[in-house]
Amino acid sequence: MLIARTVAELRQHLSAFKQPAFVPTMGNLHEGHLNLLRIAKVSGDVCVASIFVNRLQFLPTEDFASYPRTFDSDCDKLRSVGCDVLFAPDETELYPQPQTFKVLPDPALADILEGQYRPGFFTGVCTVVLKLFHCVFAHSGGVAVFGQKDFQQLLILRRMMTQLAMPVDIITGETTRAPDGLALSSRNGYLSTDERAEAVQLSMALKALAASVRAASGPGRFDVAAAESAAMDSLRARGWVPDYITLRRQHDLSTVTAMGSEPLVVLGAARLGKTRLIDNLVV
Ligand code: PAF
């Protein structure tokens, strides 16, 4: 596996390929990332990963400084799935000047849910993803693989690809879960043993909400707001601090007041102790 530390090195190496398949990450890789890389491996003529902990997508109160940096074991994992190229720039390489030019995503998508609780998060994500794409896809189009666990991120990035006419197809990988159902996340490592046992309750609350949505028949017969509140109350009763548990339309994350035939998704974010977890389930 070639490890490129600079944009020039990466571009020079990738100039020999027509269809890079790329998985951007912030490192501390787990099986969820590796599943995305397995998809990338069969989706292009060169499999590329990046590791870059992107300061722009963290609030000053968040865990940028303590975000787990596990470069050597990440490299072993990348080699184990046949990754061909790792782009691992340091901050001064990717942001040689203060990054004052930024991507401003549509507030209707980016200022709700995660964006409401993490203001500026999607500006940071879109800016770094656009920049990474300019580095990886400098000579060609290609594909990029993102996980469905970050449902809102995926939707916003797809919208960015379309509106900025980027020659990159986004493909997705299903959320990878631990045997008990907890969605894999680098932040699961922050959980204590007791919290780890409890953590599955977020996906269980979403599952229960999704099941009640599926069981509801006909417009007006299902009180969405009451079901969302009940799901949040059930977590609160177990010591969680939920930010949101909500039923939305898959296509634009707008709220749902009556059941129709559109594809829906339940999304949730909640804090357990010091750890904030997110998850979603398509209905
Ligand atoms: O999903 C992530 O890990 C990050 O938001 C991404 C896409 C690598 C951008 O920093």
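As the structure lists them, so they are numbered: ligands from 1, and atoms in each ligand from 1.
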> Which residue owns the protein heavy atom closest to atom 9 (C) of ligand 1, what's the atom, and how far is it?
Replying inline: Q57 OE1, 3.3 Å
> N/O to N/O below 3.5 Å, does that happen between Q153 and ligand 1?
Replying inline: yes
>> Side chains of S254 and D252: any donor to acceptor distance under 3.5 Å?
In response: yes
> How about Y95 and F52: are their ring centres within less than 6.0 Å of each other?
Replying inline: yes
> Against heavy atoms of V128, which atoms of ligand 1 measure under 4.0 Å?
Replying inline: 9 (C), 10 (O)
> Which atoms of ligand 1 are found less than 4.0 Å from any heavy atom of T25?
Replying inline: 8 (C)
> Among the clusters formed by ILVMFWY side chains lying less than 4.5 Å apart, do V53 and L56 turn up in the same one?
Replying inline: no
> For the hydrophobic clusters of this structure (ILVMFWY residues joined by side-chain heavy atoms under 4.5 Å, transitively), does one cluster hold both L155 and F133?
Replying inline: yes
